[in-house]
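These notes are about the structure you will find just below.
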Amino acid sequence: EKGTYPHFMLKEIDEQPFVMRNIINKYQNENGKLKLDDDIRKAMTDADRVYIVACGTSYHAGLVGKQLIENIAEIPVEVHIASEFVYNMPLLSKKPLFIFISQSGETADSRAVLVEIKKLGHKALTITNVPGSTLSREANYTLNLYAGPEIAVASTKAYTAQIAVLAILAVDSAHAKGIELDFNPMQELAIVANAMETLCNQKEQMENIAREYLAVSRNCFFIGRSADFYVCLEGALKLKEISYIQAEGFAGGELKHGTIALIEEGTPVIALATQEHVNLSIRGNVKEVAARGAYTCIISMDGMQDEEDRIVLPAVHEYLTPLVSVLPLQLISYYAALHRDCDVDKPRNLAKSVTVE
Ligand code: F6R
């Protein structure tokens, strides 16, 4: 039930700090140690390559997951869109492990891949919000998101839950491989939960940005580099699906290779600048688009901010920045849709769970 909330989407955005804390509790035992099945640990450490397969928002979580698993657990990862994988299967490694990421666990495109790879004798782990779902039942292993039912068609809390669980999985695999880490996922996720709470209390600011930038715009671009780029893809998807504004996420460095031609006087460009190692280059991109008339909005992180930034996110561990940078994008999309009188929870032409290929 929505309770006092006008929409499920807003309620689900607000639930994200609790979801983080729930995940910390579910995946930690009394001694503060990670609690994952031995079978899953073995499947991860036996694999010479992980293939993440998903659609839409879950695919975007997979892109972040690739960075986490490669950096933390040192296992190579490929991320694939399920509907493409099915007829364009890559050359597989000798010992692949498949990870299906699916909020609903019912997505037909992902299921079609699972059926194919099982025929080849490969193992699969499903990360889902619905434990008894088809993808969960048909895979060898399941990790639950513990996000609670997600009702709004636009996925919000499932995305952040997916990334949190992927971070825990990566750390568990690293421990099993004897990799020394100075990253405690539970401590860092607790910091993330607090940061999310702070942002959930800044709704007025997000609403103002939505009104100022998106009340009448035809289009909007999101730019970022490294992990920020992946979040830009998700921010753009959120905005398109609920506000019907043509939105695209671009890698900052790709602008000059074509897309900068789209910038006109007043084109809204939202830039994420939460990655220390590319902070200067993304700010350079912002200057380039601003010089061509773009109406720019920078979202940065504490410690990296500049006076002109519109939102400064509370600092979190560099591995986990997508968990907080996505939140203003979710809220800006929500308020943009609201201002444009769109049906926020049930956007046109879309279904919550896509059970046809
Ligand atoms: C976007 C959205 C969709 C889903 C996609 C996959 O907000 O909800 O893009 O992420 O249809 O769904 P699941 O995760 O249920 O497999």
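Just follow the structure's listing: the first ligand is 1, and inside any ligand the first atom is 1.
If you look at Phe229 and Phe250, their ring centroids are not closer than 6.0 Å. Side-chain rings of Tyr159 and His60 stay apart, their centers remaining 6.0 Å or farther from each other.
Between Lys352 and ligand 1, no pair of N/O atoms sits closer than 3.5 Å.
Atoms of ligand 1 found under 4.0 Å from any heavy atom of Val153 (numbered from 1 in listed order, with element): 7 (O), 8 (O). Near Lys238, meaning under 4.0 Å from one of its heavy atoms, ligand 1 places the atoms 1 (C), 7 (O). Taking a cut-off of under 4.0 Å to the non-hydrogen atoms of Glu241, the atoms of ligand 1 that pass are 1 (C), 7 (O). Of all atoms in ligand 1, numbered sequentially from 1 with element shown, those under 4.0 Å from a heavy atom of Ser155 are 7 (O), 8 (O). For ligand 1 and Ser102, the ligand atoms under 4.0 Å from any heavy atom of the residue are 13 (P), 14 (O), 15 (O), 16 (O). Listed by atom number, the atoms of ligand 1 under 4.0 Å from Ser58 heavy atoms are 10 (O), 13 (P), 14 (O).
The aromatic rings of Tyr213 and Tyr295 lie parallel to each other, their planes meeting at an angle below 30°, with 60° marking the opposite boundary. Between Phe98 and Tyr51, the ring-plane angle classifies as parallel under the 30° and 60° cut-offs.
Of the N and O atoms on the side chains of Asn194 and Arg21, at least one donor lies less than 3.5 Å from an acceptor on the other residue.
At a heavy-atom distance under 4.0 Å, only side-chain atoms of Thr107, from C-beta outward, approach ligand 1. Under 4.0 angstrom from ligand 1, there are no non-hydrogen atoms of Glu106.
Put simply, part of Cys55 is less than 4.0 Å from ligand 1, judged by heavy atoms. Thr156 does not count as a contact of ligand 1, since none of its heavy atoms falls under 4.0 Å from the ligand. The closest approach between any non-hydrogen atom of Ala154 and ligand 1 is below 4.0 Å.
Scanning the protein heavy atoms around atom 3 (C) of ligand 1, the nearest turns out to be Thr57 N, 4.1 Å. Nearest to atom 11 (O) of ligand 1 among the protein's heavy atoms is Val354 CG2, 4.1 Å. In terms of protein heavy-atom proximity, atom 15 (O) of ligand 1 is closest to Ser104 OG, 2.7 Å.
Hydrophobic clustering of Ile, Leu, Val, Met, Phe, Trp and Tyr side chains at less than 4.5 Å, counting indirect connections, unites Val192 with Phe183.
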List the steps and the verdict of side-chain contact (heavy atoms from CB on, under 4.5 Å) for Asp172 and Met44. CA-CA 9 Å; Asp172 186 71; Met44 283 292 284; over 6 Å; no
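When each of Arg283, Glu276, His277, Gln275 is checked for a side chain to side chain donor-acceptor pair (under 3.5 Å) with Asn279, only Arg283 meets the rule.
In this structure, Lys35 is not positioned above the aromatic face of Tyr27 in the sense of NZ or CZ being under 6.0 Å from the six-membered ring centre and within 45° of the axis. For the pair Arg348 and Tyr244, the cation-pi criterion (under 6.0 Å, within 45° of the ring axis) is fulfilled.
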